[in-house]
Structure formats: C-alpha cells, structure tokens
Colleague: 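My questions all concern the structure below.
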Amino acid sequence: MNPYALHQSVLDTTTVTAATTAKVHTLTWPPKAHPNTLHNVPDIIFRVILITLFATVAIWANHEASKGFAIEIVNEAGKYSSPGKRFSLFYESNDQATRILLNTSGFVENLLYPNDQDQLMHTKKQINSVTLALARVNFSTLVSVYSPKPHEYTIMLSPSLMETSHNNEAFVLAVLQGMARVWLWDGKGAAPQAVLNGLVEYITTLAGFRVSDTEAWNSGDDEFCWKNEDPRKVAGFLRYHDRRQQLGDGGGHGGDNGGGEVVRRLNKGMRNGWHDWMMDDALGMAGHHACASYGILTRHHHPSSSI
C-alpha cells in the first residue's frame, strides 16, 4: 500500500468527520455522533496505527544502522589444524575475537571520525559488515584486508599468528591493523599503498602498541619520503609532523596521548580520490619541505646514514 495514499486517505476521512461533527454542533447539545462516524472509527484507528508502525520501523532501522556493523568470525584453518584449534579455543568459542574487533574498531573510528558531523556530512566511511577470518595458509604480512562487496570487509589473519604459544598482544595488533585499514578511505583505490601502510603503522603507535622511532633517512628520500616502502619510516615521518602541529597549536591534542590530526586530514582528503598535494594540505607545508625537515632530524639521530 502506498504510504502517501494511506496518509492522504486518513486526512480526507478526518476532514469529513470534522465537518459532520461541526454540523451536528449547530443543531443539538451535547453533540451526537453520526452513525457513519462511529462506523469509520475502527478503520481510522487501524490506519493511524499502521502509519505509526511504518515510522517506528524506519526509526529503528536507522538507529540499528548507526550502532555498528554485523560481525562474523570464520575459522578457515579448520578445527583439526593446530592454528585452528588455538584460534577456536582462545578467540572463537568465547567471543574474544568479537570483543577485540569491536574494541579496536572503536579506537580507530573515534580517532578518524571524532565528531558527529562526520556522520551527518557523509564523510564517515560506511561499514555494513566485517568478517574476521583465520586463513588456511600463511602469508608474510600476517593480516590482509579486502572488500568482496561495497561496505563489506574481510580481515584475513595468517595462521602463523596461532602457530606459537598464545600471544594475545600480537593477535590484537593484527586485528587493529586490519580495522585501521577498514576504516581508512583509500582515495577510491588511487592512494599510494605506501601511504596507507604508513597510516596503519602510525595508528598502531597512537594506540600505544609500539613507537616507530626516527628511522635512518637517505638524502634521496627528501622529495617524496612519504612514499617510502618501509611503513615504519612513513609512520615516523607522520608522527614527527603530527607532534610539530600539536606544538604549534599549543599542545591542544594532549601530547603523545592525543594527536592524529595529520591522519584525520589525510583520511578526509582520500574520501573522493587522491593527489600528492593532499599530503601538503595535511602537513601544512609542501611535501618536499616536510621531507627535508624530517631528513635533517633523522640524520642528526643517525649520523652514519648517507648525506
């Protein structure tokens, strides 16, 4: 049934009823209800209830959509393999994997999208579902993320995470890296992989897992140092300029326990595409000047590096 037609039908019926009642008021007191009005009351009530139900369902659906996303935990390694057994015992059977995924997701989401306006302005990335899966075979990166459908993501974990003794910190770090990659925009596929990897690495330092200290920098890196293949170097570069901006703002972000403004600016820019000048905007200076500045710092810390 067309909701608009239903709503219009209720309005038309109400108008007729009001007119009839007004006419009776001029003739008698107290007013007597017209037989047709009494006959239509159940139908009117039913239609009002139906409209209210439609509105309630719509509000509930929007509320549920805003709360989060669907989660699925998959053990592709199999329950009879050694990694699969550990995964099932420590993370799947007790919902620990789900809790870790939600906690890491909440950290990254609040870092990248700290304001409610991100949702209203549609700058926040939409995520409908996340599947966390233990893969069948090992791969070198330990964690891989792909999107089989729009707004649906799969985080694949290498079973090598489960092959040694129970190391919860390594597991949480891998899931954190996966959720960081899920929440980050990627410039519609055009952002350099080195930038995305560096952003993920820097987000892990902001979470307190490890600190990417200043890495030895070569003079040849001074033009596009943020495209370095080593994510630790890119993370150190971002960390340096994030701190520089914090000091310039009077430390408003709370020192080492805050920050992330460079990451937020880059992520917002990558929503609609990618261009190298986006890095300039995020840093507040030309990229080659930012690289030269960081290069001086690293050569001061590593005097043996090439100059």
Colleague: Quick check: does any side chain N or O of His241 sit under 3.5 Å from a backbone N or O of Val262, one acting as donor and the other as acceptor?
Modeller: no

Colleague: Drop me the distance from Met156's CE to Phe139's CZ, to the nearest 0.5 angstrom.
Modeller: 6.0 Å

Colleague: Would you find a donor on one side and an acceptor on the other, under 3.5 Å apart, between the side chain of Ser88 and the backbone of Lys85?
Modeller: no

Colleague: Check the orientation of Tyr294 and Tyr240. Use parallel for under 30°, tilted for 30 to 60°, and perpendicular for over 60°.
Modeller: tilted

Colleague: Within a strict 4.5 Å, meaning less than it, do heavy atoms of the Lys79 and Glu92 side chains meet?
Modeller: no

Colleague: Compare all side-chain heavy atoms of Asn168 with those of Ile100 and state whether any distance is below 4.5 angstrom.
Modeller: yes

Colleague: What's the separation between atom CD in Glu261 and atom CD in Gln246, rounded to the nearest 0.5 Å?
Modeller: 9.5 Å

Colleague: What's the verdict on side-chain contact (heavy atoms from CB on, under 4.5 Å) for Met179 and Val130, showing C-alpha distance, side-chain angles and the deciding distance?
Modeller: CA-CA 9 Å; Met179 283 310 307; Val130 174; 4.2 Å; yes

Colleague: Tell me, do Tyr202 and Val234 make a side-chain contact under 4.5 Å, heavy atoms counted?
Modeller: no

Colleague: Passes side-chain contact (heavy atoms from CB on, under 4.5 Å), Trp274 versus Leu266? Steps please.
Modeller: CA-CA 10 Å; Trp274 172 262; Leu266 268 177; 4.0 Å; yes

Colleague: Side chain to side chain donor-acceptor pair (under 3.5 Å) with Asn128: which residues, sequence neighbours excluded?
Modeller: Gln126

Colleague: Just verifying a value: how many Å separate His275 NE2 and Asp280 CG, rounded to the nearest 0.5 Å?
Modeller: 9.5 Å

Colleague: When you measure from the side chain of Trp185 to the backbone N and O of Thr123, does any donor-acceptor pair fall under 3.5 Å?
Modeller: yes

Colleague: Determine whether Ile73 and Tyr91 make a side-chain contact, defined as any pair of heavy atoms from C-beta on separated by less than 4.5 Å.
Modeller: no

Colleague: Quick check: closest heavy atoms across Leu132 and Ala97, and the distance to 0.1 Å?
Modeller: CD2-CB, 4.0 Å

Colleague: First locate atom CG of Leu134, then atom CD1 of Ile155, and finally report the distance between them rounded to the nearest 0.5 Å.
Modeller: 13.0 Å

Colleague: Does a side-chain heavy-atom distance below 4.5 Å link Leu111 with Arg264?
Modeller: yes

Colleague: Looking at every heavy atom in both Gly84 and Asn75, which two are closest together, and how far apart are they?
Modeller: O-ND2, 3.0 Å

Colleague: So, the side chain of Glu72 versus the backbone of Ser129: is there a donor-acceptor pair under 3.5 Å, distance only?
Modeller: no

Colleague: What are the two closest heavy atoms between Tyr113 and Trp183, and how far apart are they?
Modeller: OH-O, 2.9 Å

Colleague: Are Leu199 and Trp277 grouped together when hydrophobic residues (ILVMFWY) are joined by side-chain heavy atoms under 4.5 angstrom apart?
Modeller: yes

Colleague: Please confirm whether the backbone N or O of Leu283 pairs with a side-chain atom of Arg244, one donor and one acceptor, at under 3.5 Å?
Modeller: yes

Colleague: Going by the salt bridge (charged side-chain N to carboxylate O under 4.0 Å, His left out) test, which pairs reach into residues 127-152, not counting sequence neighbours?
Modeller: Glu76-Arg136

Colleague: Would you give the length of the straight line joining atom CG of Leu112 to atom NZ of Lys268, rounded to the nearest 0.5 angstrom?
Modeller: 13.0 Å

Colleague: Using 0.5 Å steps for rounding, measure from the OG1 atom of Thr205 to the CG atom of Asp242.
Modeller: 9.0 Å

Colleague: So do the side chains of Pro148 and Thr154 get within less than 4.5 Å of each other, counting heavy atoms only?
Modeller: yes

Colleague: What residues, two or more places apart in sequence or in another chain, satisfy side chain to side chain donor-acceptor pair (under 3.5 Å) together with Tyr153?
Modeller: none

Colleague: Answer yes if Leu101 and Val74 sit in the same cluster of Ile, Leu, Val, Met, Phe, Trp and Tyr residues linked by side chain heavy atoms under 4.5 Å apart, and no otherwise.
Modeller: no

Colleague: For a quick test of reading the model, state the closest non-hydrogen atom pair linking Pro83 to Pro159 and the distance between them.
Modeller: CB-O, 3.6 Å

Colleague: Identify the heavy atoms of Ala77 and Ala135 that sit nearest to each other, and give their distance.
Modeller: CB-O, 3.5 Å

Colleague: Go through the structure and list residues passing side chain to side chain donor-acceptor pair (under 3.5 Å) with Ser158, not counting sequence neighbours.
Modeller: Asn138, Ser160

Colleague: With sequence neighbours excluded, tell me which residues meet salt bridge (charged side-chain N to carboxylate O under 4.0 Å, His left out) with Arg99.
Modeller: none

Colleague: Are Leu184 and Phe69 connected, step by step, through hydrophobic side chains (Ile, Leu, Val, Met, Phe, Trp, Tyr) whose heavy atoms are closer than 4.5 Å?
Modeller: yes

Colleague: Which atoms form the tightest heavy-atom contact between Lys227 and Asp276, and what is the distance?
Modeller: NZ-OD2, 3.3 Å

Colleague: Would you say Gln177's side chain and Glu201's backbone share a donor-acceptor pair under 3.5 angstrom?
Modeller: no

Colleague: Where does the angle between the aromatic ring planes of Phe171 and Phe87 fall among parallel (under 30°), tilted (30 to 60°) and perpendicular (over 60°)?
Modeller: tilted

Colleague: Would you tabulate the side-chain donor-acceptor contacts of residues 188-197 under 3.5 Å, counting partners in other chains and residues two or more places apart, or write 'none'?
Modeller:
from: Gln193; atom 1: NE2; to: Asn197; atom 2: OD1; distance (Å): 3.1
from: Asn197; atom 1: ND2; to: Gln193; atom 2: O; distance (Å): 3.3

